[in-house]
Amino acid sequence: MLHHSRPIVPILLAFCACFIDVVCILGLFHTFTAFITGTLVVLCTEMFHQAENAALKVFVLAVFFASTLFWFASVTRLVQKNRIAVRHLFALEAILVAAFMLVAGLGDPAAGGALSAVTLTAVGFSTVAMSLQNVIMLTLLNRHVPTTVMTGNTLKLVLGIADYFTHPETRPGSRTLIRHQALVLSAFAAGGLLASFLMTMLGFWALAIPVALLMLLAVVQPAHELQTA
């Protein structure tokens, strides 16, 4: 049921992406690490008003750019050589998110400030993890919808609804599209809401939930299946 080709996988990944972003927004000075466009927007708002926080956003953008280049080159090469599977990448993403949780949970980013070592390390782990998820979706799971940005998915949902009513002959396909897009968007929102709620009680340790989901996705993938593109 949780094989990487199944529609449930992008739904779970969308849940994890929004969960992690909400944790970053609440605990790491309004920083996005999954929806990287959000970090760019916040950078523009802080550039002339909160210079220290703006510097953190520049750091995130630089780390995202460098890590995405690294992941794309590495994953592409390993796939061509048939030496890596989706399960390895899910496990690696889980480890990176767990490292983010441990650094932020044991440290105190709020007390240290936007440019403290604990903040930079925590946000670095989160950014590298989310850049890996983006590369996984781009290179290996490109049959699925995006999981870190919902603008395109929302547009597809609206267009699917419009197509359902204007083209009765294609309603079965439109119904499937609407259902899937609605589930992805709902999971994304649910991840964010749950993260917001749990941050008030557990702090950064709430990240254990996306870590567990990513590890579950890693464990259930076929061990023998290397090339997945």
Pairs in or reaching into [range]: which pass salt bridge (Lys or Arg N to Asp or Glu O under 4.0 Å), with residues at least two apart or in two chains?
{"range": "residues 114-129", "value": "none"}
{"range": "residues 20-49", "value": "Glu46-Lys57"}
{"range": "residues 98-113", "value": "none"}

Quiz: residues 191-208 side-chain donor-acceptor pairs under 3.5 angstrom, not counting sequence neighbours:
{"unit_1": "Thr200", "atom_1": "OG1", "unit_2": "Phe197", "atom_2": "O", "d": "2.5"}

- Message: Just to verify, what does Phe32 make a ring pair (Phe, Tyr, Trp, His ring centres under 6.0 Å) with, not counting sequence neighbours?
- Response: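 Expected list: Phe35.
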
Could you work out, with side chain to side chain contact (heavy atoms under 4.5 Å, CB included) as the rule, every residue matching [X], not counting sequence neighbours?
{"X": "Ala187", "value": "Ile11, Phe15"}
{"X": "Ala114", "value": "Phe29, Glu52, Asn53, Leu56"}
{"X": "Ile178", "value": "Leu157, Ile161, Tyr164"}
{"X": "Ala218", "value": "Phe90, Ala91"}

- Item | By side chain to side chain donor-acceptor pair (under 3.5 Å) - contacts of Gln133 (at least two apart) | Thr147

Which donor-acceptor pairs under 3.5 Å do the side chains of residues 71-78 make with protein atoms, sequence neighbours left out?
{"unit_1": "Trp71", "atom_1": "NE1", "unit_2": "Val128", "atom_2": "O", "d": "3.2"}
{"unit_1": "Trp71", "atom_1": "NE1", "unit_2": "Ser131", "atom_2": "OG", "d": "3.2"}
{"unit_1": "Ser74", "atom_1": "OG", "unit_2": "Phe70", "atom_2": "O", "d": "2.8"}
{"unit_1": "Thr76", "atom_1": "OG1", "unit_2": "Phe72", "atom_2": "O", "d": "2.6"}

- Other cluster members, Leu69 - Ile/Leu/Val/Met/Phe/Trp/Tyr, side-chain contacts below 4.5 Å: Phe65

